[in-house]
Amino acid sequence: MYFVIMQSKKHPMALMFKYLVAGLLRYWLIHLDYWQTIANRVEIATPLNSWKRLIEGVYLYDNDINPYEGDSFHESPLMLIFIHFVMKKIPYIMPLLFTIFDLMTGLLLYKTSKSFIKMFKNSQEKIKDHVNEDSKSMLISNSNMDEIPNYVLSVYLYNPYSVLNCIGMTTTVIQNMLVAASLWGATSGHQILACIFIALATHQALYPVLLIVPIAILLAEINKGCTKCSYIRTLLIFVLSWGFLIYISAFIMDGSYKYVYNTYGFILAVPDLKPNIGLFWYFFTEMFEHFRLLFVCAFQINALALYIVPLTLRFKNEPVLLATVLIALSAIFRSYPCIGDVGFYLALLPMWKHLFTFMQQKFIVGCAFIITSALGPTVWHLWIYSGSANANFFFGVTLSFATAQIFLITDLLFAYIKREFTLKNGSSRQIDGKPAKLVLR
């Protein structure tokens, strides 16, 4: 008993130590001499989130030149105004600001996972009587209530993808914070906050619009009452918030909505084919121009609409899992992804620690992540600087990286279905006196 009390007292200190080390690591790395090299890496910076392009947009705006007239700036006007204000008033605080934003993301994910585990434990208690006796050992215990949130926090704060994303001072840091805030708002039952934050994230990057579905389902579950009424309220608040942000952005740009083409239009049309870790650039570089519109529509439908309906129908009872999968899929299939998007959804995976036992491809996926992360910069150097490789080499690595992520997501979903089956039917099933094996086809 004394040990438990001492452990609970030390817990806040352990959290503070994690934040302190993670913050100092980020702040120190931002001030290293090779920060500029990191900030310009294709794995980290894209035409949408690049610090270099953001500064260029601020410079143009400061000199009364519309930054959306050219093809260099694609952030939202709200981000432009915010960064312009900071750069004019307190420019020296910018590295600290990005560090704080990233630490805030970790804190919000920590709080989200605590709320989720509490909800999951309560829902588990309701079905406990229907669980097979052989499978009751698979139910999460009280020790998971603190263990899993700590894993989520540690994975985000010390994941190399997240750390490098913060060091590069990309605007993906802010996007991740907004998405994390919306997830925290949804798991805490704060409908207005969840909708406002997801509207802000959508206004910045468009793809987070997918999350309005799991957020609406989650809020309807938490806030007891009329389910359909809750869905309508959530959707209405989101649409009004997003519309207001679009209007405010147009007001900032002197009443002009032309910025939409260089923000949402740029994301959807994919005119800039600079290599990145995504799948768009290579296909559209090699494609005949008269097929371009067809394949742009096909790729964007795949990223924005193809999975939302079937996944929602199957996993409507697990909206947090649905949100995790949709975030992961958008990180893979969006037009301009970066490793910051990957690092964000990887931090959500420890919430599904109880599924890891049922996952069959953890080792393969882990090896693929390590190998492709090492090979990516290597083949880029061989292609761009040494001239001893070509675009096929780099695209081969990015395709393998995307494949590894797809294997991870499908394995997680299959693991959920396997656990669901095992809880109901037991873990020790036999056919003709021999142990049976569950195979999903």
Side-chain angles (χ1 to χ4, degrees), residues 34-57 70-75 160-162 164-165 167-173 175 205-207 262-263 265-289 291-293 295-296 298-300 302-303 328-345 368-406:
Y34 50 85
W35 168 81
Q36 196 68 39
T37 304
I38 295 173
N40 291 328
R41 290 293 311 177
V42 292
E43 300 90 350
I44 298 169
T46 70
L48 285 175
N49 69 0
S50 168
W51 171 254
K52 184 177 179 180
R53 292 190 181 226
L54 185 61
I55 293 301
E56 185 174 348
D71 192 38
S72 61
F73 185 73
H74 307 288
E75 271 291 351
Y161 296 152
S162 302
L164 289 170
N165 181 56
I167 295 167
M169 292 172 64
T170 68
T171 55
T172 304
V173 172
Q175 180 195 324
L206 188 61
Y207 291 101
N262 251 351
T263 52
F266 183 82
I267 293 170
L268 293 173
V270 203
D272 192 323
L273 299 180
K274 181 182 178 181
N276 53 58
I277 63 169
L279 304 174
F280 278 70
W281 67 273
Y282 186 85
F283 281 101
F284 292 111
T285 300
E286 299 292 325
M287 190 176 296
F288 292 112
E289 190 61 31
F291 289 124
R292 180 181 172 83
L293 180 60
F295 280 92
V296 164
F299 273 58
Q300 294 293 3
N302 179 66
L329 288 172
S330 70
I332 299 169
F333 296 117
R334 64 174 57 197
S335 49
Y336 297 102
C338 70
I339 58 173
D341 302 313
V342 180
F344 182 79
Y345 82 77
F369 267 83
I370 293 170
I371 292 169
T372 52
S373 297
L375 276 180
T378 304
V379 296
W380 176 263
H381 180 83
L382 293 174
W383 174 26
I384 300 299
Y385 298 103
S386 297
S388 54
N390 55 43
N392 296 324
F393 286 71
F394 185 72
F395 179 69
V397 174
T398 58
L399 186 61
S400 300
F401 186 58
T403 304
Q405 295 179 75
I406 293 168

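Every heavy atom of this structure was used, including side-chain atoms; hydrogens, water molecules and symmetry mates were not. Keep in mind it's a predicted model, so treat the numbers as computed, not measured.
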Y345 versus Q405, closest heavy-atom pair with distance: OH-OE1, 2.8 Å

Inter-residue atom distance I339.CD1 - T46.OG1, 0.5 Å rounding: 11.5 Å

Side chain proximity check, I332 to P337, heavy atoms < 4.5 angstrom: no

Rounded distance (nearest 0.5 Å) linking atom OG1 of T171 with atom CG of L54: 6.5 Å

Test item: Q300 side-chain N/O and I267 main-chain N/O as donor-acceptor pair under 3.5 Å: yes

Closest heavy-atom pair and its distance - T372, F401: OG1-CD1, 3.3 Å

Residues forming a salt bridge (charged side-chain N to carboxylate O under 4.0 Å, His left out) with E43, sequence neighbours excluded: R41

pair F283-F395: side-chain heavy atoms closer than 4.5 Å: yes

Min side-chain heavy-atom separation C338-N165 under 4.5 Å: yes

Smallest separation among heavy atoms of A269 and R292, with atom names: O-NH2, 2.7 Å

Donor-acceptor under 3.5 Å (W35 side chain, I167 main chain): yes

Interatomic distance, N262 atom CG to D71 atom CG [nearest 0.5 angstrom]: 6.0 Å

Non-hydrogen side-chain atoms of L268 and V296 separated by less than 4.5 Å: no

Within-4.5 Å side-chain heavy-atom neighbours: T398 and Y282: no

From CA spacing to verdict: ring pair (Phe, Tyr, Trp, His ring centres under 6.0 Å), F299, F280: CA-CA 8 Å; F299 273 58; F280 278 70; 5.0 Å; yes

Stepwise side chain to side chain contact (heavy atoms under 4.5 Å, CB included) test for R334 and L206: CA-CA 10 Å; R334 64 174 57 197; L206 188 61; over 6 Å; no

Side-chain heavy atoms of F333 within contact of I406, under 4.5 Å: yes

For F73, all residues meeting ring-ring contact (aromatic ring centres under 6.0 Å, His included), sequence neighbours excluded: Y68

Side chain to side chain, F344 and Q175, heavy atoms closer than 4.5 Å: no

Reported OG-to-CG distance for the pair S50 and N40, which is rounded to 0.5 angstrom: 6.5 Å

Side chain to side chain contact (heavy atoms under 4.5 Å, CB included) partners for I370, two or more places apart: none

Gap separating the CZ atom of F394 from the CD1 atom of I277, nearest 0.5 angstrom: 8.5 Å

S373-Y161 side chain donor-acceptor pair, cut-off 3.5 Å: yes

Donor-acceptor contact below 3.5 Å, side chain T170 vs main chain A45: no

Residue list, ring-ring contact (aromatic ring centres under 6.0 Å, His included) with Y207, at least two apart or on another chain: none

Going by atom type alone, with no hydrogens or angles, which donor-acceptor pairs under 3.5 Å involve a side-chain atom of residues 375-391 and a protein atom two or more places apart or on another chain?
from	atom 1	to	atom 2	distance (Å)
T378	OG1	A374	O	2.9
N390	OD1	N392	N	2.9

Pairwise distance CG(N49) to NE2(H74) - rounded to 0.5 angstrom: 11.5 Å

Set of ring-ring contact (aromatic ring centres under 6.0 Å, His included) partners for Y336, sequence neighbours left out: F266

